[in-house]
Amino acid sequence: MIEFIVSLLQASIRAGTPLLYATLGEMITEKSGILNLGVEGLMIMGAMSGFALSFITGNPWIGILAGGFAGLILAFIHGFFSITLKVDQTVSGLMLVLLGLGLSGLIGKSYIGMVANYIDPIAIPLLSSLPILGKILFTQDLLVYSSLLITVFIWFILHKTSFGLSIIAAGENPEAADTAGINVDLVRYICLLVGGFLIGVGGAYLSLAYAKLWTEGMTAGRGWICLALVIFSGWIPQRAVIGAYLFGGLDVLSFKLQAIGFTVPYQLLKMIPYIATILVLLLSLIKDKYRLKAPSALGKPYFRGER
Amino acid sequence: MDVILEMRNITKKFPGIVANKKVNIKVFKGEIHGLLGENGAGKTTLMNILFGIYKQDDGEIIYKGEKVEFRSPKDAIKAGIGMVHQHFNLVETLTVWQNVVLGRGEFILKDEKKKLLDVINKYGIKINLDARISTLSVGEKQRVEILKALYRDVELLILDEPTAILTPQETRTLFESLRKMVKSGLTVIFITHKLKEALDVTDRITILRNGEVVRVVETAKTNEVELAKMMVGKEVVLKPIKRQKKKGKKVLKIENVTALNDEGVEALKSINLVVNSGEILGLAGVSGNGQKELEEVIVGVRRIEKGKIYLDDIDISRMSIKDRIKSGLSCIPEDRLGSGVASKLSVVENLMLRDFENYGKFNLDFEKMRKKAKELVEEFDVKTPSLDIPVSMLSGGNLQRLILARELSRNPKALIASQPTRGLDIAGIEYVRKKIVDTANSGTAVILISEDLDEIFHMADRIAVIYEGQIKGVFDKDVVTKENVGILMAGGSL
């Protein structure tokens, strides 16, 4: 039984890591006031580009970078529409989903069934030999560890630096940010592009470290889960870690339960993240203490000089 | 004395009007300079030109001995000029100090609070640096805006109608800090249309009327009557109000009403009030003591926890808002643009907001509505270029006239008027007061909620004092003094 739980938790972290990257990416995007609904599209492009570049170059880390840049490029398209042209962010974001799914299917066709170089877990000396915890926490791959460092880094930027204040101001009250001499559009572009990069990395992790293969549409709705996760974690980076591992765990659980002959329809388990998000939203309505603080200007284009 | 700022022959035209006509103004270093004029006299336009928001059509600005031209507020701030607008620019979820250092400071924030404490102590500004903006009162938010300017090392601070949104106490605190600021070398330009405040706090006053400078006076050598005369161009004394006193029957009865505020704290504690027909009951109190909640409970936008409200002996406390309106309840809300009108709808639509049903069920008779709206606009003298512009484009005074037109033309049985003259100029104040008194004279029961004690004593027949959600006493106007009401408002007892 303990073994089952240990391997479940270990796998949950691995399953949660792509979600964590994408959730953090979407979170800093939203913190600056930009809603990028295209997470699913960015992730799948990241997964495809990552796999392809690892296959071509033989270096999975180049694949991870390529995945990040694929996400960044799609994010830039979103920025051009939503920040520069100030059109509706919902439409532009949804367009990215369709674009990403279509384009990755087209370009990725020739890589289906191929084998590339992958990112393998490494056991950290000493720590990994700890009982129970060692296996769960310290036999993961480098990207798992770096995702936690990035979480801390994002928290630090948001709360301990002047740039963090600028991000929050751009997302809460862009006019106030503007009058304080902050270039709102620039701040939003930076957050959107960095966020897009992280979402792309999340996608690449999926094909290069988690599933270790490329198939069309392999993100299978994880992008939407990440959008829910941003809300679930209340726009707080450290909570995203818990949320991502939790939702990743549900994913793993559906496999594991089937393997031991437990027949819960997997569709039910797949629904749980969304139901959990709705429950968290309800909870936040009931209790003021749990109120979720979406950035006030989220999704609203900023026009200078408009009162 | 050194001249810090001189604006020469400033002219600024907008389509249809000349906002500033060859305006000259000279401001000395270290003074509080009043810019006095009615709404629309061109005060704010002039300062917006100085601050780089507008560009003048003609004329020049000399600042600290040099000719300057600010293309944006950023240029003005860089030169050491700060402006606090009526509309605040604060990030609600951040704290006070975070708002102040926003866009400034080292990349990694460290000693920002210490620097701020120095500024606070120097000017005696009362504010908690760690408080979240969303928890602050309007007065405190204004202090944050002033702090923002001071933190940016301004030498010249422009305040646009800073007291319009403040309680009397907050106003006093503001004036004290302003005096401290000028003592330590700052120069302040104070835009206002309130004579008393101009006399209270300024050193010199430039009076503007219709975009032109009428005169510059030293505050010590002038008085209210003279200033009023210059400001409006004729002698004004607030006319005594003619009241027809007749003892009417009870119209509005509020019984043991208890209600919560937005934070879920009890804001009204067993309120009992009776208003008779033809009577004005003045509700005196410092804002935030339950007035807003009382207004909302009567109108029906806030849930009543306990107690009952009767209108003509009918219990309306569980009625829908619509039914309350139908039963003869009218309201002039405190928040004109927010809850008084639908700001993006047109003049006609707003005037007809309560009476759509009278103009057809499915196909509204727009011609008839326009005709009625036109009559109302004329009767209440609402100055608007067209019946079809969104009401957000009307000035404060005209917006209030529009609300009066809608609410009073329905001959209500009871009227709740909340801060009805706040922010209006003299002509507007007189008009609104007269209309409310006329309404009472015609038999309506009126509750007048106001922070302005002069206004309450001017208009009300009886005065109730509210403090921390409780009625501290109800008096006939003739048997109580302003001082005693003031003591009750501050929480004291007689």
Side-chain angles (χ1 to χ4, degrees), chain A residues 27 30-33 152-188 190-191 234-237 284-298 300 302-307, chain B residues 44 48 51-54 72-78 82-113 115 132-135 141 144-145 147-149 151-152 260-265 337 343-344 390 392-393:
Chain A
M27 192 181 287
E30 292 192 10
K31 269 285 180 190
S32 75
V152 176
F153 183 69
I154 289 175
W155 174 85
F156 180 80
I157 290 285
L158 282 177
H159 297 283
K160 297 285 168 197
T161 68
S162 55
F163 184 64
L165 290 184
S166 303
I167 295 173
I168 294 170
E172 293 287 345
N173 186 345
E175 198 185 344
D178 195 11
T179 52
I182 294 163
N183 186 338
V184 174
D185 285 359
L186 182 68
V187 168
R188 288 183 163 185
I190 292 172
C191 288
W235 291 265
I236 298 170
S284 80
L285 287 177
I286 299 162
K287 263 247 170 237
D288 216 43
K289 208 174 87 189
Y290 305 122
R291 187 178 285 174
L292 297 179
K293 300 221 168 53
S296 314
L298 179 60
K300 289 179 199 148
Y302 174 57
F303 295 95
R304 203 174 195 167
E306 188 192 57
R307 297 237 152 171
Chain B
T44 304
N48 281 342
F51 199 54
I53 294 173
Y54 299 144
S72 77
K74 256 181 230 168
D75 294 348
I77 292 168
K78 230 178 253 167
M83 185 160 174
V84 176
H85 299 272
Q86 277 176 285
H87 151 108
F88 299 143
N89 267 323
L90 298 169
V91 182
E92 296 274 323
T93 52
L94 293 180
T95 62
V96 170
W97 74 265
Q98 286 174 325
N99 264 280
V100 175
V101 302
L102 191 63
R104 301 265 146 161
E106 303 285 312
F107 182 74
I108 291 174
L109 299 164
K110 283 186 303 212
D111 302 326
E112 317 299 328
K113 261 195 267 179
K115 273 181 244 164
R132 229 168 258 290
I133 300 294
S134 54
T135 65
K141 285 183 188 174
V144 180
E145 286 285 0
L147 194 58
K148 262 164 85 178
Y151 182 73
R152 282 156 176 71
L260 309 179
N261 65 11
D262 293 338
E263 280 77 48
V265 180
L337 206 54
S343 61
K344 284 183 179 162
S392 56
M393 291 172 70

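Here is how names work: the chains are called A, B, and so on, in the same order as the sequence lines, proteins then strands, and each is numbered from 1.
- The two residues A:A297 and A:A170 have their closest heavy-atom pair at CB-O, 4.3 Å.
- Counting only heavy atoms from C-beta outward, the side chains of B:I133 and B:V96 approach each other to under 4.5 Å.
- Only the backbone of B:L90 comes within contact range of chain A, with heavy atoms under 4.5 Å apart.
- Sorted by first and then second residue, the pairs that involve residues 83-104 of chain B and meet salt bridge (Lys or Arg N to Asp or Glu O under 4.0 Å), not counting sequence neighbours, are B:E92-B:K141.
- For A:F163, there are no ring-ring contact (aromatic ring centres under 6.0 Å, His included) partners, not counting sequence neighbours.
- When A:T161, A:I182, A:I168 are compared by the number of non-hydrogen pairs under 4.5 Å with chain B, A:T161 comes out ahead.
- Residue with the most contacts toward chain A among B:V101, B:V91, B:L102: B:L102 (heavy-atom pairs, distance under 4.5 Å).
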